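Some notes on the structure that comes next.
In this text the structure is predicted, and so the values were computed from the model without any measurement. Sequence lines set the chain letters: A, B, ... in the order given, protein chains first and strands last, and positions in each chain run from 1.
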Protein chains: 2
Amino acid sequence: MRIGEVASAAGVSTRALRYYEQQQLIVSSRSAGGQRLYAPDTVERVRWIQLLYAAGLSSRTIVEFLPCVHTGIAGPEMIARLRAERDRLDEHMRDLAATRARLDSVLAAAEFDATRSGDEAAEV
Amino acid sequence: MRIGEVASAAGVSTRALRYYEQQQLIVSSRSAGGQRLYAPDTVERVRWIQLLYAAGLSSRTIVEFLPCVHTGIAGPEMIARLRAERDRLDEHMRDLAATRARLDSVLAAAEFDATRSGDEAAEV
DNA sequence: GTAAAAGTTGACGCTGACGTCAAGGGCAAG
DNA sequence: CTTGCCCTTGACGTCAGCGTCAACTTTTAC
């Protein structure tokens, strides 16, 4: 696959893919003319990368994780790192849930106030 | 309260507080000598700000939300924005949960593999 | 009264994940 | 052959939330 195909299949820009390659997150072979060629499973890999970015991991961390993500094999040190990141994720999710709850109660109050002042448009 | 007190009470740097003021997130009066003085509830406000930052909101968004967060009053437009952000948060949390699950299954595989190869240190 | 601690206003630095030109080369179609 | 689209490297730009001097002033403690 060429870079544009991978980009649209994975929903990222070609710039992002070149950046990922520079960060050693993905690899490519080259055509005779020097164009990048990707294995099909690169798309899956890129989706993983996006997930891990969204989870707050850095390129440096992701590049360490990706091998064992694919092979399922990790040394004890890597297992500890994986656990640590999972626990960080858990904590972050708890914080988000708390924030969401507080935001929701603010919303409830605002909606109640809106209905009381007769603003029909704000009602569910 | 002076800036240092608020900073340590809220767990942020003084630099952050000055930045928040510049972004109109908090206000201060001044002493005769020109030093910032804060109302005690500023601490709570700063905690809110931190929560919303952690939830991925920008200063621009937070400055719009904070008034109705405190008063519980919001126009229909603001209520829509609040709902939108809450929904974004929900979606983000779902993504994080999915990522966490996938990470966890990788971990399970790695741990299993580690026990099979007799690496006691990696066992729970 | 004086030294230390805490505060003030600039202003530049930093980090990360790309966006965005610029100036060209590769490649299938007609 | 040339049109047009996709690709290449290189390099500078961006944005946000602060960190970090620097050079002073205010306040506090003794």
Exercise for the section: Send over the distance from Ile3(A) CD1 to dC18(C) C1', rounded to a whole Å. Expected result: 13 Å

Handout entry: Value in whole Å for how far the P atom of dA16(D) lies from CD1 of Ile62(B)
Key = 12 Å

Exercise for the section: Quickly work out the Arg30(B) CZ to dA6(C) C1' distance and round it to whole Å. Expected result: 14 Å

Practice task
Ignoring backbone atoms, establish whether Ser59(A) has a side-chain N or O less than 4.0 Å from OP1 or OP2 of dG16(C).
Solution key: no

Handout entry: Nearest-angstrom distance from the residue atom CD of Gln23(A) to P of dT15(C)
Key = 13 Å

Handout entry: Enclosure of Arg30(B) CZ (heavy-atom neighbours >12, cutoff 6.0 Å)
Key = yes

Exercise for the section: Using a 4.0 Å heavy-atom cut-off across all strands, classify Arg60(A) as base, sugar-phosphate, or nothing. Expected result: nothing

Problem - Electrostatic pair Arg100(A)-Asp104(A), nearest N-O below 4.0 angstrom - result: yes

Practice task
Indicate yes or no: does Arg81(B) engage Glu77(B) in a salt bridge with an N to O separation below 4.0 Å.
Solution key: no

Exercise for the section: Quickly work out the Ile26(B) CD1 to dG17(D) P distance and round it to whole Å. Expected result: 14 Å

Handout entry: For Val27(B), all residues meeting side-chain contact (heavy atoms from CB on, under 4.5 Å), sequence neighbours excluded
Key = none

Handout entry: Protein-to-nucleotide contact annotation, 5' to 3' order, nucleotides 18-30 of chain D [B base; S sugar-phosphate only; - none; under 4.0 Å, heavy atom]
Key = BBB-----BSS--

Handout entry: Heavy-atom pair of closest approach, residues Ala74(B) and Ala110(A)
Key = CB-CB, 3.9 Å

Problem - Rounded interatomic separation in angstrom, taking CZ from Arg18(A) and C1' from dC18(C) - result: 12 Å

Fill in the blank from the handout: When rounded to whole Å, the CG to P distance for the pair Leu57(A) and dG16(C) reads 13 Å

Problem - Separation of dG17(D) P from Leu25(B) CG (nearest whole Å) - result: 9 Å

Practice task
Group every Ile, Leu, Val, Met, Phe, Trp and Tyr by side-chain heavy-atom contacts under 4.5 Å, then state whether Val106(B) and Leu57(A) land in the same group.
Solution key: yes

